[in-house]
Each structure stands twice: as structure tokens, then as C-alpha cells.
2 protein chains.
Amino acid sequence: MKVTIKDVAKEADVATSTVSRVLSNNPRISETTRKRVKEAIDKLGYEPNAMARSLARQRTKILGIVLPNEAKDLFTNPFFITSMQGMSLYAQTKGYYITYAFSEDDEGELNHVKEITNNNLIDGVILMRSRQNDEIINYLQDKRFPFVVIGRPEDTESILWVDNDNVKAMYDLVNLLIENGHKKIGFVGAIEEWNMSQDRLKGYKDALIDSKLDYHDNLIVQQNEFNAKNGYDAAKKLFKEEGLTAIVTTDDLLALGVQEYVKDNNMKDIALIGFNNSQIAQYQKPSISSIDIMAGRLGHYAAKLLISKLEGKGSKRKNYIVDTKLVERDTFIQIR
Amino acid sequence: MKVTIKDVAKEADVATSTVSRVLSNNPRISETTRKRVKEAIDKLGYEPNAMARSLARQRTKILGIVLPNEAKDLFTNPFFITSMQGMSLYAQTKGYYITYAFSEDDEGELNHVKEITNNNLIDGVILMRSRQNDEIINYLQDKRFPFVVIGRPEDTESILWVDNDNVKAMYDLVNLLIENGHKKIGFVGAIEEWNMSQDRLKGYKDALIDSKLDYHDNLIVQQNEFNAKNGYDAAKKLFKEEGLTAIVTTDDLLALGVQEYVKDNNMKDIALIGFNNSQIAQYQKPSISSIDIMAGRLGHYAAKLLISKLEGKGSKRKNYIVDTKLVERDTFIQIR
DNA sequence: TTGTAAGCGTTATCAT
DNA sequence: ATGATAACGCTTACAA
């Protein structure tokens with residue numbers, strides 16, 4: 001049979017409440033009994049029952065993460081598993097567990113969230129996506145259930161979130177290219193409606209303007225999806241522009257397509273930078289430079305934000321901005 | 001305040017035990033009261049408290065999965081997240097939740113397993129790896145704690161496991177190449193000690209022998225790690241052999257390296273097949289054919305096996321073999 | 001068929 | 001500083 005707090009109490013010849021107190025480091029306990037109890041615990045190999053504890057405390061120390069069901073790249077984009085690791089590592093330091101669940105569709109997803117938030121299984125949820133007018137966000141807000149979202153939500157005030165500074169990421173990148181001698185830089189993005197897309201375009205634009213370089217529509221192509229073909233087609237359009245020496249993209253797949261076009265047309269000295277630092281970029285020849293969005297840190301801070309709220313202590317911080325990192329590879333070309 | 005079973009009982013004017021019975025579909029309950037209780041449940045929006053239920057039942061319906069901490073390719077190999085999805089989808093159909101945790105090192109990993117198996121948080125564990133003389137496996141066996149492993153363990157008798165038939169996967173592949181006209185086929189593997197490596201080599205060998213084709217050491221290169229450079233070096237050795245028209249590898253990264261060599265030397269009509277169906281293989285030019293190990297199904301059956309054991313019903317099945325699938329791409333060349 | 005009440009293993013309140 | 005004991009919200013004998 002499992003050893004319970006009663007067994008420990010008996011062994012140490014104290015009441016269960018006393019054992020519970022040493023377990024929670026209650027200060028009002030004498031050194032002698034504390035020691036005696038600890039010995040009993042060690043001797044019996046006692047481990048508190050998580051369920052009983054949760055029931056009594058009315059908190060489970062379990063976080064629920066909901067993975068987006070619609071993400072086509074769930075399996076190929078290391079973002080998800082990497083940020084899951086970031087969450088896990090942080091959560092462990094605070095004694096939290098994490099459950100995850102995939103859903104078949106939006107409805108299943110919402111139902112799952114309803115379930116775990118109503119059956120007291122979890123203390124808070126981590127959303128790995130934010131979209132416009134998100135049903136789940138609305139639901140959680142109505143219910144006043146603690147949650148955090150990775151990605152900037154519409155309502156940035158009352159919600160906990162973590163995200164990259166996409167404006168800055170692209171601004172810095174384009175500036176760096178300019179410093180390296182590039183004067184005409186193309187931009188390839190996809191799905192204009194997304195916050196992320198708009199921010200990255202803004203960063204690009206701001207950098208050009210601040211350097212008093214040409215900024216006009218012929219330098220920009222927006223596609224409807226992140227894939228290689230769209231990258232290829234975009235490159236075809238962009239290179240009609242005379243003197244283009246660099247192209248920035250908002251995803252490695254787009255960059256991949258651009259590279260194919262560059263190769264097909266035997267172009268030289270074209271700088272090319274992708275986003276997300278995926279394995280495909282790394283293993284191309286030449287290898288494609290990319291912006292790492294630091295998924296692990298995003299996960300880390302998401303967990304941190306949520307747990308801080310749950311424990312109701314410390315700063316009332318509502319969000320974290322995680323810095324991106326340029327990974328320079330073969331396609332980071334200096335012109336001069 | 002949360003609505004509890006008592007509220008429902010009061011609303012339906014019955015005892016809590018009655019509510020509990022309709023919840024668990026106990027047959028000894030009249031249709032009329034069942035209906036009344038269900039109405040009360042709907043009206044109040046009642047959802048049973050998972051913790052209280054677990055405590056009473058002494059089972060949590062939570063599975064714990066332990067990710068290998070040493071896997072370098074954890075983030076780039078879609079295997080992990082894909083099989084996690086397979087588990088999740090199956091587990092949900094049976095009303096189970098899944099927790100996961102990453103560890104910093106072996107010690108942290110073992111400690112985590114000890115923790116969750118001792119604090120009654122989970123009913124069973126899923127191991128995403130098996131290695132020789134595995135501490136965690138030993139621990140779980142000693143403790144008689146239910147678990148399943150993905151990958152064939154040393155002791156295949158007393159342990160639940162799921163795996164591919166690696167002998168068959170490679171045997172079928174090599175046979176197919178032979179049918180397509182290849183007579184001299186090279187093999188590139190890594191980490192010979194692994195069961196997987198040995199099985200795939202055996203499949204290769206058997207196929208050659210069964211077709212009465214040449215099988216000798218010059219056709220085989222074993223490396224110490226799965227990476228592109230090792231693939232490249234292996235190809236350099238293999239192509240000293242006259243008339244080689246195909247190379248099979250045990251990983252896409254090895255295949256990638258082989259392809260680089262093939263390109264560097266302007267070779268034509270070389271069939272090349274990788275393993276794991278990763279994104280890098282798909283996005284090469286030419287795209288590399290690969291064996292998909294069907295990670296989702298591995299996860300699915302792992303969860304199924306474990307849950308069957310936990311519910312103590314149905315077949316006493318101890319393992320599942322999951323079929324692999326060849327994904328033909330550009331590098332699947334027919335000679336005649 | 002339904003109700004009563006004793007657990008399940010903790011924590012927390014109230015005494016002492 | 002420590003001990004009794006009542007929650008926490010459910011399940012499950014045992015009664016009726």
C-alpha cells in the first residue's frame with residue numbers, strides 16, 4: 001500500500017497537521033520536530049498525493065496548453081515543440097505540470113478548453129496562437145480563467161501575452177543589410193492580415209525610410225500562403241526591378257523559393273534572409289540565413305507570466321517581448 | 001462558486017450517490033430519475049471535479065510522457081511532436097489526459113519519473129525511447145508501474161512496446177529497388193549498436209541474399225552519428241565500388257550527405273532513399289525519397305496499449321508493429 | 001432503485 | 001508549537 005501522511009505522522013509520533021506543516025515549510029514548527037518528521041518522511045519514502053493535495057488546496061499546479069489545430073506546419077515547424085520545452089523547463093522550477101492536447105477541429109478545441117477549465121483539472125491555459133476574434137480567448141475572458149497567449153492578441157491591455165518585436169526584428173535586419181552595402185532590398189511576405197505580417201513589413205519600411213532609401217510597391221510582394229512556390233513567384237516579380245541585391249522574407253519557405261529562382265537564373269551576390277530558423281534553411285546549399293524567433297524563450301516567458309499571475313505575487317507584468325536573433329549563413333552577403 | 005455534485009443532487013432532489021450513478025452510467029437507475037438528473041446537470045452546467053474524482057477512484061486518467069533529454073534532433077525531427085499528437089488523439093477518445101516534461105539530463109529525467117509515479121499524478125507512462133539497460137525502464141519494472149515504450153526494448157516479453165518492423169521496412173525497400181532494375185545497392189547507416197540499425201542492416205542484407213545479389217562489406221558504411229557529413233563521406237567510400245546505382249540510408253541526414261556527393265560529382269541516375277520522411281528530404285532538389293515511420297500511428301498504438309492495460313480489459317496484447325511507408329520522390333529512380 | 005455514510009489523502013481552521 | 005477535525009468533491013459499500 002502507498003504510504004500516506006498518516007503513516008508519516010504515526011512514525012514521527014505527531015499529528016498529520018504537523019507533517020503537513022513541515023511539508024509546506026510552515027515557520028511555526030520547532031526544529032526538533034521538523035527534523036523528526038523529515039526523518040520519518042525519508043525513512044518511509046513518503047511523497048504527498050498530488051490529487052488529495054489539489055483537492056484540498058483547490059489548485060492543481062497543472063497548466064494546460066492548447067495547440068492550434070489548423071497549423072499546417074505543426075509537425076515541421078520546430079516552433080511548437082521548442083516552445084513546449086521552454087514552458088516545461090520553467091514550469092518544473094515552480095513545481096508545475098503541463099498537459100497538452102491536440103484537437104481535430106475548432107469545435108473540438110473549444111470543447112476541450114471548456115472541459116479542462118470546468119473540471120478543475122488545470123489552473124491556467126497557455127494558447128500557442130492568437131487569431132482575430134478568437135473564440136477561445138473570448139471564452140476564457142468571460143470566465144475569468146487565467147491564461148496567456150503566445151503572439152500578440154487584439155486586446156493587448158487586459159491579456160497576458162508574449163511575443164517577438166516583429167517590427168524591430170525586421171527593422172534591425174534591413175538596417176544591417178544597408179550597413180553591408182545593400183541599397184535595393186526586396187520584401188516577400190504572406191498573409192498580409194496577420195499582425196506579424198504587418199509588423200514585419202513596417203520594420204522593413206521604416207528601415208528604408210530612415211536610411212532615405214527608395215521604398216515603393218515594386219519592392220514588395222505579398223502572397224497568400226507561406227510556401228516555396230510563392231517565394232519563387234515573388235522573386236520572379238521582384239527581380240524585374242533593376243539592381244536588387246537583397247531580399248528579406250517573413251518565412252524560410254518563402255526564402256527557399258526565392259533561392260530556387262536565384263539559382264535557376266544564375267544570379268550572384270544576392271543576400272537572402274528567411275524567418276523561423278528552420279532546418280530546411282540550414283540544409284540548403286547555399287545555406288539560407290534566417291531570423292530565429294527564439295521559441296524556447298517565448299515558451300519560457302509564457303509559463304512565467306501565467307504562473308506569476310496564478311501565484312498572485314511579484315510584478316503585475318502583463319507581457320514580455322522576446323528578442324529575435326539573426327543566424328548568419330551563406331546567404332548573408334556583404335556587398336562591399 | 002463552482003457547481004458540485006451536491007448542487008445537482010439538490011436540484012434533482014436525489015442523493016449525491018444517485019447523481020454519481022447516472023454519471024457513471026450505472027444500469028441500476030430508473031429512466032425517470034436518470035432523466036431528471038441529466039436535466040439538472042445540463043441546467044447547472046455541472047462538470048465533475050477531476051481531482052475529487054481521481055482521489056475517490058484512485059486513478060487520475062492522466063498519462064505521463066517522458067521525452068528523451070539526449071535527443072539532439074528533438075526539435076528538428078517531427079517524430080516527437082507527431083507521435084505526441086497520435087497519443088493525444090487516441091487518449092482523448094478514452095477520456096485520458098497527457099502530461100509531458102522535458103528534462104535537463106538523465107538524472108533529472110529519472111527524478112521526474114520517480115516524482116510522477118510516486119505522487120499519484122499519473123496512471124501510466126509512455127517512454128519515447130528505449131536504450132540498453134535503461135534506468136527508467138528498470139525503475140518502472142521494479143515498481144510494477146504501468147508503462148509502454150516506443151521502440152523495441154531489450155526485454156520484449158514482459159514489456160509493452162510499439163515499433164516499426166525495421167527489418168521488413170528495409171527488406172521491402174531494397175526488394176523494390178531490385179525490381180526496378182538496381183543490381184548494386186549501397187547501405188549507409190549510423191550507430192551500429194542500436195537495435196534499429198541492426199534491423200535495417202539485416203533487412204538490406206536479407207533482400208540482397210534472397211535475390212542472389214552481391215552482398216559484401218564494400219557496399220556498407222556504418223558511421224558514428226546521423227549527419228550530412230557522415231553521409232557525404234560514406235558516399236565517397238561507396239562509389240569506389242564500380243556500378244553502384246542505388247544507396248539506401250537509415251536517416252534523411254545521411255541521405256542528404258550522399259546527395260551532396262552525388263551532385264558534386266555530377267552523377268546521374270542514382271537512386272537514393274532516406275528514413276524518417278523529414279522536411280529536409282522533401283525540400284531538397286532533387287527531392288529525396290524517404291521511408292515514413294508513421295510516428296502518429298506509433299503514438300496512437302502506444303497510448304492504446306497502455307490504456308488497455310490500465311483498464312485491464314480486452315486483449316492482453318503486448319505490442320504493436322506499425323508499418324512504414326515509402327514516400328517516392330525525385331530520387332526514386334527506375335533503371336529500366 | 002435509491003439513500004446514507006464512510007472513505008480517498010491532503011490542507012486549514014480552531015483550539016489548546 | 002502542536003493536535004483535532006472539518007472541509008475539499010467525489011465514489012462505493014452497505015442499507016433500506
Side-chain angles (χ1 to χ4, degrees), chain A residues 1-38 40-41 44-62 95 115-123 311, chain B residues 1-38 40-41 44-62 95 115-123 311:
Chain A
M1 200 41 207
K2 276 255 150 203
V3 20
T4 74
I5 200 172
K6 282 187 188 170
D7 302 320
V8 176
K10 198 171 290 173
E11 176 74 27
D13 201 30
V14 294
T16 60
S17 45
T18 303
V19 178
S20 178
R21 286 189 187 101
V22 337
L23 248 27
S24 56
N25 281 313
N26 190 313
R28 313 191 298 185
I29 209 104
S30 76
E31 262 323 303
T32 49
T33 50
R34 180 185 304 278
K35 198 175 160 221
R36 206 142 43 85
V37 170
K38 287 215 160 150
I41 289 174
L44 303 182
Y46 168 70
E47 190 93 29
N49 181 307
M51 295 300 139
R53 177 173 268 184
S54 298
L55 184 57
R57 289 198 188 152
Q58 294 289 75
R59 305 193 31 223
T60 63
K61 286 213 160 198
I62 301 179
E115 184 183 315
I116 58 178
T117 54
N118 280 320
N119 70 5
N120 289 14
L121 181 68
I122 61 170
D123 293 340
E311 317 244 297
Chain B
M1 201 40 207
K2 275 255 151 201
V3 21
T4 74
I5 200 172
K6 280 188 189 171
D7 302 319
V8 177
K10 197 171 291 171
E11 175 74 26
D13 200 30
V14 293
T16 59
S17 49
T18 303
V19 178
S20 178
R21 285 188 188 105
V22 335
L23 248 26
S24 56
N25 280 314
N26 190 315
R28 314 190 298 183
I29 210 105
S30 75
E31 262 322 303
T32 50
T33 49
R34 181 185 305 277
K35 196 171 161 227
R36 205 142 43 86
V37 170
K38 287 213 160 152
I41 289 175
L44 303 181
Y46 168 69
E47 190 93 30
N49 181 307
M51 295 300 139
R53 179 173 264 187
S54 298
L55 185 57
R57 290 212 246 236
Q58 294 290 73
R59 305 191 33 224
T60 63
K61 286 214 161 200
I62 301 179
E115 184 183 315
I116 58 178
T117 55
N118 280 321
N119 70 3
N120 289 19
L121 181 69
I122 60 168
D123 293 340
E311 318 245 296

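No hydrogens, no waters, no symmetry mates; every other heavy atom, side chains included, goes into these values.
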### Query
How long is the line joining CG of D7(A) and C1' of dC8(C), in whole Å?
14 Å
### Message
If I take atom CZ in residue R59(B) and atom C1' in nucleotide dG7(C), what distance separates them, rounded to the nearest angstrom?
### Response
18 Å
### Task
Check whether any side-chain heavy atom of V37(B) sits under 4.5 Å from a side-chain heavy atom of I29(B), and report yes or no.
no
#### Entry: Considering all heavy atoms, the nearest T4(B)-Y46(B) contact
C-CE1, 3.5 Å
## Note on the structure
side-chain hydrogen bond (donor to acceptor under 3.5 Å, both in side chains) pairs touching residues 14-30 of chain B, sequence neighbours excluded, are S30(B)-T32(B), S30(B)-T33(B)
## Note on the structure
Smallest heavy-atom separation, R53(A) atom then L23(A) atom, equals NH2-CG, 4.0 Å
Pairs: protein N or O with nucleotides 3-6 of chain D N or O, under 3.5 Å:
from, atom 1, to, atom 2, distance (Å)
dG3(D), OP2, A15(A), N, 2.9
dG3(D), OP2, T18(A), OG1, 2.5
dG3(D), N7, S17(A), OG, 3.3
dG3(D), N7, R21(A), NH1, 3.3
dG3(D), O6, R21(A), NH2, 2.4
dA4(D), N6, S17(A), OG, 3.1

### Gap between atoms CG and P, on N120(B) and dG9(C) respectively (whole Å)
8 Å
### Task
Measure the distance from CZ on R34(B) to P on dT2(C) and round it to the nearest whole Å.
9 Å
#### Entry: Gap between atom CD1 of I62(A) and atom CG of L121(A) - 0.5 Å precision
5.0 Å
### Message
Below the 4.0 Å mark, does dT2(C) have OP1 or OP2 next to a side-chain nitrogen or oxygen of T33(B)?
### Response
yes
### Message
Under 4.0 Å from OP1 or OP2 of dA7(D): is there any side-chain N or O of Q58(A) that close?
### Response
no
### Task
Go through the structure and list residues passing side chain to side chain donor-acceptor pair (under 3.5 Å) with E47(B), not counting sequence neighbours.
none
### Heavy-atom donor-acceptor pair, D123(B) side chain to T60(B) backbone, under 3.5 Å
yes
### Task
Compare side-chain N and O positions of T4(A) against OP1 and OP2 of dG9(C) and report whether any pair is under 4.0 Å apart.
no
### Query
G45(A) and V3(A): which non-hydrogen atoms are nearest, and at how many Å?
O-CG1, 4.3 Å
#### Entry: Which atom of V19(A) lies closest to which atom of I5(A), heavy atoms considered
CG1-CG1, 3.5 Å
### Value in whole Å for how far the C1' atom of dG9(D) lies from CG of N118(A)
15 Å
### Query
Separation of K6(B) atom NZ from dA7(D) atom C1', in whole Å?
9 Å
### Summary
Under a 4.0 Å heavy-atom cutoff, the residues of residues 22-30 of chain B touching DNA chain D are none
### Task
Report the C-alpha separation of R59(B) and E311(B) in whole Å, then their side-chain angles, then the decisive distance to 0.1 Å, and conclude whether the side-chain contact (heavy atoms from CB on, under 4.5 Å) test is met.
CA-CA 10 Å; R59(B) 305 191 33 224; E311(B) 318 245 296; 3.6 Å; yes
### Task
State, to 0.1 Å, how close G95(A) and K61(A) come at their nearest heavy-atom pair, and which atoms those are.
O-CD, 3.4 Å
### Message
Let me confirm one number: the NZ-CG distance from K2(B) to D7(B), rounded to the nearest 0.5 Å.
### Response
11.5 Å
### Angle by which the axis turns from one end of the helix from dT1(C)-dA16(D) to dT16(C)-dA1(D) to the other, five pairs per end, to 10 degrees
40°
#### Entry: Residue pair E11(A) / L44(A): nearest heavy atoms and the distance that separates them
CB-CD1, 4.0 Å
### Task
Residues of residues 46-57 of chain B with any non-hydrogen atom less than 4.0 angstrom from an atom of DNA chain C: list those, numerically ordered, please.
L55(B), A56(B)
### Task
Check the pair V22(B) / V14(B) against side-chain contact (heavy atoms from CB on, under 4.5 Å), numbers first and verdict last.
CA-CA 11 Å; V22(B) 335; V14(B) 293; over 6 Å; no
